[in-house]
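Please read the structure below before turning to the comments.
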Amino acid sequence: MSTFKPPPECPVFEPSWEEFGDPFAFINKIRPIAEKTGICKVRPPPGWQPPFACDVDRLHFVPRIQRLNELEAQTRVKLNFLDQIAKFWDLQGCALKIPHVERKILDLYKLNKLVADAGGFDIVCRERRWTKIALQMGFAPGKAIGSHLRGHYEKILYPYNLFQSGANLLVIQLMEDTMEIMDTKGLKLQDQAQRPPAQTPDTCPSARRAKRMKCEVGVVEKSHAVDLVVCLVCGSGEDEDRLLLCDGCDDSYHTFCLIPPLHDVPRGDWRCPKCLAQECNKPHEAFGFEQAYRDYSLRAFGQMADAFKSDYFNMPVHMVPTELVEKEFWRLVGAIDEDVTVEYGADIASKEFGSGFPIPNGKLKVTPADEKYLKCGWNLNNLAMMNPSVLTHVTADICGMTLPWLYVGMCFSSFCWHIEDHWSYSINYLHWGEPKTWYGAPGFAAEQLEEVMKKLAPELFESQPDLLHQLVTIMNPNTLMAYGVPIYRTNQCAGEFVITFPRAYHSGFNQGFNFAEAVNFCTVDWMPLGRQCVEHYRMLHRYNVFSHDEMVCNMASKADTLDVVLASAVHKDMVIMIREEQDLREKVKKMGVLHCEEAKYDHLQDDERQCAKCRTTCYLSAVTCPCSPGVLVCLHHISNLCSCPVSNYTLNYRYTLDDLIPMMTAVKQRAELYDEWASHVIETLEAKLEKKKGLPVFRSLLAESESKMFPDNDLLRRLRLVTQDAEKCSSVAQQLLNGKRQTRYRTGSGKSRSQLTVEELSSFVRQLYNLSCSLPQAPLLKELLNRIEDFQQHSEKVLADEVPSVAEIQSLLDVSFDFDVELPELPRLRVRLEQARWLEAVQQASSQPATLTLETMRRLIDQGVGLSPHPSVEKAMARLQELLTVSEHWEDKASSLLKARPPHSIETLSAAAEKASGIPAYLPNCLLLKDTIRKAQEWLQEAEELQSSGCVLMVDSLSDMVLRGQAIQVHLEPLDRLESLMVEVQEWKQSAATAFLQKDSTLTLLEVLCPRCEIGNVRSPKRKTKKGKESNKKKMLRLNTLTEVEKALSETKDSTSAMATLEELWVREMEAFSNLRAANESKLLPTADCMDLKVCVCQKAPMGAMLQCELCRDAFHSVCVRDVSDSPETQPWLCPYCQRSEKPSLNKILSLLSSLRHLEVRLPEGDALQHLVERTVNWQHRTQQISQTYDVKFVDLMSLPLIQAPCLTPEWNRTSHAQTVFYTEQRCIPLQGLSQELEELMVEGLLLQVSLPEVQSLYHILLDRAAGQHTNRCIVTDKKAKRHLERDGLDGERRLKDRKHSHKRQKINKKNLQRRPASTSSSPRSDFSQSDDSDEEMAVCPAEMCQLPEGDEVDWVQCDGSCNQWFHQVCVGVTAEMAEKDDYICVRCSLSDRHTRK
C-alpha cells in the first residue's frame, strides 16, 4: 500500500476577545469561509481556560471495541468475502487455506473481482488473459504467474462462483492435488472478521459410509439395498462406495454426479447443494462495534491507553510524532493481515456523569475567577440552547444534540465518516490529552462522497443503505481525494474547538489518551437544510431525532416573541410545510379515507408515533387502522399500513389546515417589515446585467436596516459585505484608471504598493461584473484590460520570435509604462531586450569579419554568458564559441607554423593559409601567415630572376636577399645556398681585414683599400665641410665621403665601371696629396712665429722633438706618435693618418683576389682590392722603367742646382737652437730639387697599401742622395734664412703669410729664449723670480737637446709623469699658457707608459 499523504489543512481561526464574546455571531462570520472546507478549528483567546468539572471518580464507562482492519470499507468487503469463501468450503468439509504467490498472500477478493470484470473464468481462459490479470494484480511479468493464478482460481473461487451464479446445484470439486491446499491440519484464516464459521465435528469418510450402511441393516440382497439408498441425481444405487450422504438432510449423491464431480470423498462434514444454498443464503448480521467486557474508570482507561501506545511505538507517548501515528493508523486500517484492536469510550452522556464544563449547581464548586465560564456561550452546555439556536424550540432533551456527549479516546481509536443528525452543526472541545486528528469534506461534496463509497464498497450498502449513519465505516482520505472528493484535515490540540458545518462529512482518530466533549446546534440558515434532511431520512427509512414539523409549529405558536429574521425563516418553512400537507391530505381523501380525528402527537414519545415504513416521526398527520393498534404510517406510505380496505383507515391530525393558516399569518405579520426589506435586498443582490443597481441603492438599504434595527443575519451581512466590496472595488478601480507606472520602475523590477498582476486585474474586472452592484468604472477597466491583453499577446509574439527586433521590444516597454499593473512579460522583455541587443551586436560583428577579432568574440561570449538562456542566444553562443575555438586553433596553428624551427615549406603554409582563409574573422597570425607566404613567393621569384639573369651578384643585393629571406619564416631552398655564399663573403672580408687592418684600427676595410677622398680634412672638420660644399658646387657627381664611394661602387653594373670610379678617386687622391704636401711644407718654414701653428694629432704648436711624415709632410710631436719599437731611418716614417693599414705583401693580396673570384660575388672591397692590385702592378712597372734608366737620369737629377729646402733636418735644428723651439728626430726626403716624376712615384708608392721592397729602396736612394747634398751646407742665421726665403721663387701670398708667422715667433723667442751659460744646478722648486737667481743658475734641464736659454726670466715646467723632473719650457716645446693649463709628461715618461700599456 502506498504511503499516506496528508490532505491540506482546514482553516484555523483565532478570534479576539470581542469576537469571542458572541459565539453565534462569530460562527456566522466565519461560515462563508469555513463551510467551503466542512470543518474548521477555533483557538480561543489566550487565557480562556475553563476548569475541568467532570467527576472523575464517578465516571465509569464500557468502551467500544474497534478492530482497525474492519473499519475501512474496502477492507471490510474483502473480509466479508473471505468469510463467505471460508464458510462455503467449511460446509463442503474442507478448511480454507489462502495460498501464497511470490511470497505474498494471494488477494482472493481482487482476483475474483478482476476475473469477473474481464467476463468470467471461461472467457479469461478462452482469451488467455491470465497474464494480464497477473499484471493488474501487481505481479512482475515473465514469471508465469498467470498459470498459478488460474490454478488457484479454478480450485478455490470457481466452485464458489458457480454456486453464487445459481446456474446449477453447486457441489464441491476436489482434484487429486486438492489435498495440498485443503489440508484440515493447515492453518485456518485467523479469526476472519472475528465471526468464525460454524464448527462441525470432523468425520472421516468411513464414518459417513457407516452411517449410510445403518440404513441397510436387515437387507440380504444387494438389489434391495439399491432401492433404499439411491442418488438423487441419477436415481441409481450402484457404486455404493461413491455415494455421499449429506450431513444436513441425509440425501445421497454420487461423487461423479455432482457438478463439478468429486474424485474423492470429503474428509469433514459434507452438505449437499440444497443444504449449502440454504446455509449460505441466510441474511448477514449488520456490522457494529461490540461493547467491551470491562467497565473502566477514567484513570484505569488512561493507564491502559498509555501503556498500549508506549508499547506499540516503543517510546514514551509524548515523544511519538503525530505524523507517524497518522501514517501508521491508515496503514493498519488498510491491512487485512494486521489485527490491531483498540477501545473507544464514545457517546458517554454528560447528564449522567457531568460535563467537562462547569455548570450551575454542579458538583464542582467554581472559584469566583471561574464563574464567567458558567454562563459563557462557548460552554457547550449553554451553546445548544442559546436563543440564536433553533434547537431551543425542541421540547425534549436530546442527548448528544442538545445535551453534550463525552468522548474518552486512546491511540488509534476512531470515529468513522458521518454527518450530524438532521445535518446540524456540531462543535467539539478537547479538554485535555493528546491531539485528535480530524478529516472533513464540505457539505456540497456530501453526495459525491457517498457515491464514491457506494462505488468502491457496494456490497456494504446493499445490506445497510444507511451505512454512513451508523458511524462504523471509514475510508482512506487519499482514496476519496483520488476520486475528486475535497478533503481537509487538522490536529485538534487540548483547549481548541472544532466546528463541523451542516451536511459536512467528517471522521478522525485519536493520537492518544484524551478527553473531549461535543454538542449540536442549529442556526437560522440551517432550517431549509433541516427540512431537506427529513425527506432524505424518509428515503433511507431512518428515524428522526426530533420532529421538524413540531419544532416549526412550536416557533409559530410564539410568533410575537420570535426574532424577525427567524420569523421570516419560519414563515418560509411553514409555506412549504402547509402546501405539502394540503396536497397529502387531498390525496388521502381521494384514496377513500373518510374518517378523521384529532391526535395530540406532541404528547406521545417519538418512538410511539414513527411511520411503520419510513420511521419518520409523525406530527401533523398520520393514518391508522383498527386492525393494527399502535401502528401508524405517514401520509406518504398509506399503502404500506395493512391489507384492510382504505375506507377502514382513519386520518389523524394535530392541526386542521384552518388552524395552520392563522399560525402562518401571525409569523408572516411578524416578519412582514423584514420580508419586504429582505425581498428588496434579494432582488437587488440577484439582479442581472442591466438590471443591477448602483452603489447608492445598496447604501440606502443598509441605512434602512440600521434605522429599523433589523437583527444581524446572513442577508444583512451579505448586503453589508457586497456594499463594502463594491466600495473597495470602486476605489481600487479609480486608482487603476488614474494611475500610471512609476518612472522608477522603468528599469527596475519593483512592484508598487497598489500594483496588481494581470490575472488579479482580470479577476478584478470579472469581480466588478460579478458584483451585484453596477460600477461606472467597470467598462473603463475592461477596456484597460483589453489593452493589456493586447500588449501581452504582442509581447508573447515578440518573445516567441527567434531573433526579435530591439526597436520592437523597446516600443513594447515604452507602452507598458501606461499600465500600472504588474506585467510578467516586462522582466522577460527586459531580458529579451538584452538578448536582442547582444544578438544584434553579434550579427553586426559577424557581418564585418575584417574587424571581428578574438578579443571581440571573447567579449561577446562573456556578455552572452551573463544573459538568460534562450534558444537563439544559445545558438548564437554556440556559433560564436565554435568560431572562437576554430579561430583560436588556427591562430595558434599559424603562430606555431611561423615559429617552427626549422621553418615549414611554403606548400605546407599555403595549405594551412587556404584552410584558414575561410574563417570569417580577423586573425592577425593567419594574416601574417598569408603575408609571409606572399613575401616568400616574391623572394623566390626575385631569387629565380637573379639566378636566370646570369650576372654577378653584388654583395649588397646578396646581403639584402639573405636578410629578407631570413626574416621570412618559410623554408626557402635558395636561401641556404645564398647564406653559405654570404658566409664565404664574410669569411673573405674577415681574411682581408686581418691582412690589412691594424690592431684597434677605426678604419674599415673599404676605407683602407679605396683611394682617399677626404685628404687633409681629418684634422680640420670645418675646412672639410667647406671644401666638400665647394667641390659639390664645381662637380655634383664628385664623391666626397666613403659612404658615397661605397654606394657608387654598389650601384655600378660591372667591374669596368667600378674601376673607372676608383681610378677617378685615385687621380683625386694624388692631386689632393700634392696640394697637402705643399701646404704642410710651407707652413713649417723656420720662422719666428711658429707658436701659432697647429700640428700633430693634438693640434698644438710644434715644440721639442718632432717627426715629419714622408707622405703628408706634416709635423708631429715625437711624444704623441713615437713608439719605442719604431726603428727610425730604416723605412719611411708615416704619420697615424697616412699609415692606414698593415700593408700586406703583394702575394697575399693576390691570393685574396683569387679566392674572391671563386665566390662569383661582387663587393666594393673586392673592386677596391682589384684596383689596388692594378695600381701596384702599374707602379712596379713604372718603377722598373725608372730603375733601368736610374744612373742617367739620376745623375742629371743630381747635377741640378740644389736649393735649401725648409725641412726640419737635425743639422738645421742643431744650427738653429737659438732661433727655434722644435727639432726633428728623423731625416726626411727633401723636396727641393726632386723631380715631379720621382716625387709622384714616391707618393704613389707610399699610398699603396701594399708592402713593396721597391718603395723602401726608392726611399733610401732618395734619402741618401739628399744627405750627400747637405754635408757641406752652411748654417744660416735667422736673418739669412729669411733673406734666402725671400729670394726663393715661392708663391707671394703664401710667403707673405709665412713671413708674418715667423716674425711673431721671433718676438716670442727673443723675449723668453736668451742663451745663457750651462749650469749644473738642480731643478727649481719655486717660481723663478729675480731673487732666486742663485737657485736658477744651479738648475739643469734634463732635455736631450737642451737649448740652454738665457735671459732675465726663464720659464720651467715640471714633468707630471713618474720622473718629476724640471724642464725648460722652450726645450720641450711648452708655452707658458700650456704649462699653466695642461699636464706635461716628458718624452721618456711618455714612452715608458706606452710601452707598459703595450
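Note that the coordinates shown come from a computational prediction; the quantities given were computed from them, not determined experimentally. Numbers here are sequence positions counted from 1.
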Does the gap between the ring centers of Phe4 and Phe329 come in under 6.0 Å? no
Glu450-Tyr505 side chain donor-acceptor pair, cut-off 3.5 Å: yes
Under a 4.0 Å N-O cut-off, is there an ion pair linking Lys41 with Glu9? no
In chain order, what residues pass the side-chain hydrogen bond (donor to acceptor under 3.5 Å, both in side chains) check against Glu580, with sequence neighbours excluded? His636
Report yes or no: does Thr37 contribute a side-chain atom to a donor-acceptor pair with the main-chain N or O of Ile39 at less than 3.5 Å? yes
Derivation and outcome, salt bridge (charged side-chain N to carboxylate O under 4.0 Å, His left out), residues Lys29 and Asp22: CA-CA 11 Å; Lys29 181 179 180 179; Asp22 187 347; over 6 Å; no
Ser772 side chain to Leu685 backbone, donor-acceptor under 3.5 Å: yes
Can you see whether His506 engages Glu420 through a side-chain donor-acceptor pair at a distance of less than 3.5 angstrom? yes
Cationic N near anionic O, under 4.0 Å, Glu796 to Arg828: yes
Taking atom CG of Asn387 as the centre, does the number of heavy atoms from other residues, nucleotides or ligands within less than 6.0 Å exceed 12? no
Any chance you could measure Trp378, atom CH2, to Phe26, atom CZ, to the nearest 0.5 Å? 6.0 Å
When the side chains of residues 43-50 are checked against the rest of the protein, which donor-acceptor pairs come out under 3.5 Å, sequence neighbours left out?
from: Arg43; atom 1: NE; to: Glu496; atom 2: OE2; distance (Å): 2.8
from: Arg43; atom 1: NH1; to: Glu14; atom 2: OE2; distance (Å): 2.9

Could you check Ile27, Ile499, Ile30 and say which one makes a side-chain contact (heavy atoms from CB on, under 4.5 Å) with Phe13? Ile30
Any sub-3.5 Å donor-acceptor pair from Asn382's side-chain atoms to Cys376's backbone N or O? yes
Would a 4.5 Å heavy-atom cut-off, applied to side chains only, mark Trp838 and Leu833 as touching? no
Within the side chain of His418, is there an N or O that forms a donor-acceptor pair under 3.5 Å with the backbone of Cys416? yes
Residues, nucleotides or ligands: over 12 heavy atoms within 6.0 Å of Lys693 NZ: yes
State which residue, out of Glu759, Arg766, Glu760, fulfils the side chain to side chain donor-acceptor pair (under 3.5 Å) condition with Ser762. Arg766
Should Ser507 and Ser414 count as side-chain neighbours, where that means a heavy-atom distance under 4.5 Å? no
Below 4.5 Å, heavy atoms only, C-beta onward: do His536 and Trp423 meet side chain to side chain? yes
Treating Asn491 as the side-chain partner and Thr437 as the backbone partner, does any N or O pair qualify as donor plus acceptor under 3.5 Å? no
What about the rings of Phe509 and Phe415, do their centers lie closer together than 6.0 Å? no
Is the side chain of Thr392 donor-acceptor paired with the backbone N or O of Ser389 at a distance under 3.5 Å, no angle test? yes
When rounded to the nearest 0.5 angstrom, what distance separates NZ in Lys36 from SG in Cys10? 14.5 Å
Student check: side-chain heavy atoms of Ser705 and Arg720 closer than 4.5 Å: no
Within-4.5 Å side-chain heavy-atom neighbours: Arg670 and Val570: no
Are the side chain of Asn476 and the backbone N or O of Asn478 linked by a donor-acceptor pair below 3.5 Å? yes
Are Arg718 and Asp725 ion-paired here, with the side-chain N under 4.0 Å from a carboxylate O? no
Side chains of Trp677 and Leu719: closer than 4.5 Å at any heavy-atom pair? yes
His870 side-chain N/O to Ser868 backbone N/O, donor-acceptor pair under 3.5 Å: no
Is any NZ, NE, NH1 or NH2 atom of the basic residue among Lys454 and Glu447 found under 4.0 Å from an Asp or Glu carboxylate oxygen of the other? no
Using the side chain to side chain donor-acceptor pair (under 3.5 Å) definition, which of the options Asp563, Asp573, Asp675 pairs with Ser568? Asp675
Is it true that Lys691 and Glu683 have a side-chain N and a carboxylate O under 4.0 angstrom from each other? no
State whether the side chain of Ser679 and the backbone N or O of Glu676 hold a donor-acceptor pair below 3.5 Å, judged by distance alone. no
Using side-chain heavy atoms (C-beta onward) and a distance below 4.5 Å, is Thr500 in contact with Tyr425? no
Side-chain donor/acceptor of Lys692 to backbone N/O of Leu771, under 3.5 Å: yes
Are Glu535 and Arg538 close enough for a salt bridge, meaning some N to O gap below 4.0 Å? yes
Between His571 and Glu672, is there a side-chain donor-acceptor contact under 3.5 Å, judged purely by atom types and distance? no
Working to the nearest 0.5 Å, report the span between CZ of Phe521 and CE of Met386. 10.5 Å
Please determine whether the number of non-hydrogen atoms from other residues, nucleotides or ligands lying under 6.0 Å from atom CZ of Phe444 exceeds 12. yes
When you compare the side chains of His548 and His422, does any donor N or O come within less than 3.5 Å of an acceptor on the partner? no
Under 3.5 Å, is there a donor-acceptor pair linking the side chains of Gln777 and Ser730? yes
